[in-house]
Protein chains: 2
Amino acid sequence: MPRRKSLDHVVVPQAVMRRLPVYYRYLGALLARGTERVSSQELSRMIGITASQMRQDLSYFGSFGQQGYGYRVRDLHRAITEILGLHRTYQLVLVGVGNLGRALVSYPSFANRGFRFCGLFDNDPRLIGSEFCGLEIRPVDTLADFLHQCPVDIGVITAPPEVAQQIADVLVAGGVPAIWNFAPTSLKVPKGVIVEHTHISESLMVLSFRLNNPEEADTSVESASNQ
Amino acid sequence: MPRRKSLDHVVVPQAVMRRLPVYYRYLGALLARGTERVSSQELSRMIGITASQMRQDLSYFGSFGQQGYGYRVRDLHRAITEILGLHRTYQLVLVGVGNLGRALVSYPSFANRGFRFCGLFDNDPRLIGSEFCGLEIRPVDTLADFLHQCPVDIGVITAPPEVAQQIADVLVAGGVPAIWNFAPTSLKVPKGVIVEHTHISESLMVLSFRLNNPEEADTSVESASNQ
DNA sequence: TAGATTGTTAATCGATTAACAATC
DNA sequence: TAGATTGTTAATCGATTAACAATC
């Protein structure tokens with residue numbers, strides 16, 4: 001019987017947290033293929049980690065398997081969906097409707113999960129007033145007002161680094177609890193506000209480093225860094 | 001006197017490697033501001049790590065400071081530029097000219113450093129033959145030929161996950177030594193080929209997890225994960 | 001029941017931090 | 001010279017792996 005632990009006073013290590021989406025992705029693929037059961041050995045081999053690590057990771061959240069059998073793909077997939085919070089919906093605003101912003105807004109798998117964009121903001125007069133994906137692009141100086149009327153879970157910053165901090169300040173003042181930042185800059189936010197940086201250019205620099213420093217060790221590295 | 005070590009038989013830990021772009025970014029900001037010197041204490045405090053860690057990290061590559069003085073911003077910035085391989089140029093091809101692909105091709109700071117896109121590929125008949133940023137968009141089935149004529153350092157995959165592996169195979173067969181993968185899927189490549197994944201959707205899932213699991217620990221986390 | 005595989009505890013490994021001698 | 005700060009060694013901390021009793 002799958003049993004989920006309360007997480008109230010358990011601290012989940014960063015490294016574990018970052019592997020959850022990987023489990024989710026592989027389980028989703030197995031589910032789509034109609035596979036019913038999987039052992040920690042099988043799944044971990046596909047992913048390229050040890051079975052120990054996978055079982056240890058899952059143990060932070062509960063017991064989802066069955067001795068002698070393994071895991072029901074469907075059950076484990078659902079468990080991780082809930083652990084990741086992918087069973088609910090989120091309201092998002094996005095500031096900076098450039099190519100990257102448009103890529104995020106139109107990315108179908110975000111909408112297919114519960115990530116709903118409800119406001120787009122930019123300062124370019126050529127964009128303001130036009131529509132993208134059925135949403136009006138509004139001036140950034142109306143963001144504060146917008147946040148008063150419509151509660152938002154996640155603010156996405158795809159604007160230039162020079163204005164990223166100002167935007168973050170407006171989001172925080174407007175009560176947005178989490179910021180997804182693509183600007184290549186750090187953000188100062190009060191304690192309790194969640195910031196997740198996705199620094200695309202840092203990923204390219206790591207690639208460049210690796211090209212110039214042939215490693216003897218294994219060669220495939222997934223991207224996700226932390227501060 | 002700054003002295004760079006040979007890296008021939010030193011293995012640089014992943015964690016150290018992922019912090020290099022962060023040092024680079026902060027040093028770039030100091031340089032732009034005209035700051036001449038910085039101590040490990042000052043710089044590490046800005047970044048939010050310990051001075052020990054920063055000095056330990058740098059020691060993998062050489063000695064760049066001066067006792068009693070600290071580091072010359074200009075020298076350390078140049079040293080890290082070279083360590084990251086940002087002093088040379090790279091030829092890139094990009095496969096999948098959707099919004100994300102266009103965002104990368106038109107991102108000015110890639111071109112300003114040495115990252116030069118020399119070929120764009122897509123399979124959409126509406127795109128093939130048209131131009132973006134001065135480059136013709138070519139059919140994917142001409143990629144193999146293209147790679148024979150024009151040596152490429154980095155292949156960027158911004159295509160749907162279903163075709164990502166096929167594209168990777170063509171890149172590898174064409175002698176491309178490094179792949180920058182944005183498709184939400186793992187790639188199988190021969191040993192020695194470098195793959196850097198930037199899974200944007202995993203970053204969003206981590207954000208969602210953190211929204212649902214209030215941590216007591218510190219709140220700001222930079223993104224970059226590994227496989 | 002016998003075989004398989006989990007969940008968890010203990011051992012190992014690697015990364016971070018502290019401390020300090022070297023030295024500018 | 002005295003003060004400051006590096007580069008590096010040693011100590012601590014955390015994450016990964018191995019091992020195994022519990023049990024389906």
Side-chain angles (χ1 to χ4, degrees), chain A residues 1-5 10-20 22-23 36-45 47-73 75-76 79-80 83 215-218 221-222 224-227, chain B residues 1-5 10-20 22-23 36-45 47-73 75-76 79-80 83 215-218 221-222 224-227:
Chain A
M1 252 250 97
R3 257 285 311 265
R4 173 131 182 236
K5 272 182 198 167
V10 193
V11 177
V12 178
Q14 289 265 332
V16 174
M17 181 175 76
R18 304 252 157 222
R19 279 190 293 269
L20 293 173
V22 180
Y23 297 133
E36 258 193 22
R37 71 166 276 281
V38 73
S39 67
S40 60
Q41 166 119 203
E42 289 164 339
L43 185 53
S44 63
R45 172 163 303 165
I47 297 177
I49 61 174
T50 64
S52 250
Q53 180 162 72
M54 184 191 137
R55 295 202 302 275
Q56 180 77 285
D57 284 356
L58 293 180
S59 75
Y60 282 95
F61 305 101
S63 307
F64 306 103
Q66 211 169 308
Q67 282 102 326
Y69 176 84
Y71 303 85
R72 299 193 153 279
V73 172
D75 291 350
L76 188 54
I80 292 183
I83 290 165
E215 310 130 89
E216 40 258 283
D218 76 318
V221 178
E222 292 228 350
S225 58
N226 301 27
Q227 164 175 321
Chain B
M1 250 249 97
R3 254 289 309 264
R4 173 132 181 237
K5 272 184 199 169
V10 191
V11 177
V12 178
Q14 289 264 334
V16 174
M17 182 175 73
R18 304 252 158 222
R19 278 190 293 270
L20 292 173
V22 180
Y23 297 133
E36 258 195 22
R37 72 165 276 282
V38 72
S39 68
S40 60
Q41 167 117 206
E42 289 164 339
L43 184 53
S44 62
R45 170 164 303 165
I47 297 177
I49 61 175
T50 63
S52 252
Q53 180 163 72
M54 185 193 137
R55 295 202 303 274
Q56 181 77 285
D57 285 354
L58 293 180
S59 76
Y60 282 96
F61 305 102
S63 307
F64 306 104
Q66 210 170 310
Q67 283 101 325
Y69 176 84
Y71 303 85
R72 300 194 152 277
V73 172
D75 291 350
L76 188 53
I80 292 183
I83 289 165
E215 309 131 270
E216 40 257 285
D218 76 317
V221 178
E222 291 227 351
S225 57
N226 301 28
Q227 165 177 317

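Every chain is numbered from 1, with letters handed out A, B, ... down the list of sequences.
In this model, the phosphate group of dT16(D) is not approached by any side-chain N or O of Ser52(A) to a distance below 4.0 Å at OP1 or OP2. Taking side-chain N and O atoms only, Thr50(B) has a distance below 4.0 Å to OP1 or OP2 of dT17(C). For the OP1/OP2 pair of dA18(D) and a distance below 4.0 Å, the side-chain nitrogens and oxygens of Arg55(A) include no atom meeting the criterion. In this structure, Arg19(A) reaches the dT16(D) phosphate: one of its side-chain N or O atoms is under 4.0 Å from OP1 or OP2.
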Seminar exercise, completed: Encoded 5' to 3' (Watson-Crick or G-U under 3.5 Å; [ ] crossing; | other strand), DNA chain D becomes ..||||||||||||||||||||||
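The CD-C1' distance, from Gln41(A) to dT5(C), rounds to 10 Å in whole Å. In this entry the distance linking CD of Gln67(A) with C1' of dC24(D) reads 6 Å, nearest Å. Distance OH (Tyr71(B)) to P (dG7(D)): 4 Å, rounded to an integer number of Å. Separating the OH atom of Tyr60(A) from the P atom of dT8(C) is a distance of 12 Å, rounded to the nearest angstrom. The distance between atom CE of Met17(A) and atom P of dG14(D), rounded to the nearest whole Å, is 16 Å. In this structure, the CZ atom of Phe61(B) is 18 Å from the P atom of dT6(D), given to the nearest Å. Between the CD atom of Gln53(B) and the P atom of dA15(C) there is a distance of 11 Å, rounded to whole Å. One atom, CG of Asp57(A), and another, P of dT8(C), lie 13 Å apart when rounded to the nearest Å.
Taking every side-chain heavy atom of Ser39(B) into account, dT5(D) is the closest of dT5(D), dC24(D), dT16(C). Here the side chain of Ala15(A) is nearest to one of dT23(C), dT6(C), dT16(D), namely dT16(D). Nearest to the side chain of Ser59(B), among dT8(D), dT16(D), dT6(D), sits dT8(D).
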For this session: Any chance you could lay out the side chain to side chain contact (heavy atoms under 4.5 Å, CB included) test for Phe64(B) and Asp75(B), step after step, and finish with the verdict?
Result: CA-CA 8 Å; Phe64(B) 306 104; Asp75(B) 291 350; over 6 Å; no
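With contacts defined as side-chain heavy-atom distances shorter than 4.5 Å, the pair Ile83(B)/Tyr60(B) does not qualify. Residues Leu43(B) and Met54(B) are in side-chain contact: their nearest non-hydrogen atoms beyond the backbone lie under 4.5 Å apart. Using a 4.5 Å heavy-atom threshold, the side chains of Thr50(A) and Ser44(A) count as separate. Side-chain atoms of Phe61(B) and Val16(B), non-hydrogen and from C-beta on, do get closer than 4.5 Å to each other.
Geometrically, Arg37(B) does not engage Tyr71(B) in a cation-pi contact, judged by NZ or CZ lying under 6.0 Å from the ring centre and within 45° of the ring axis.
Gln56(A) contributes a side-chain N or O that forms a donor-acceptor pair with the base of dT17(D) under 3.5 Å.
Arg55(A) meets the side chain to side chain donor-acceptor pair (under 3.5 Å) test with Ser40(A); sequence neighbours excluded.
Both Gly62(B) and Ile49(A) lie close to DNA chain D; mapped to their nearest nucleotides by heavy-atom distance, the more 5′-ward contact belongs to Gly62(B).
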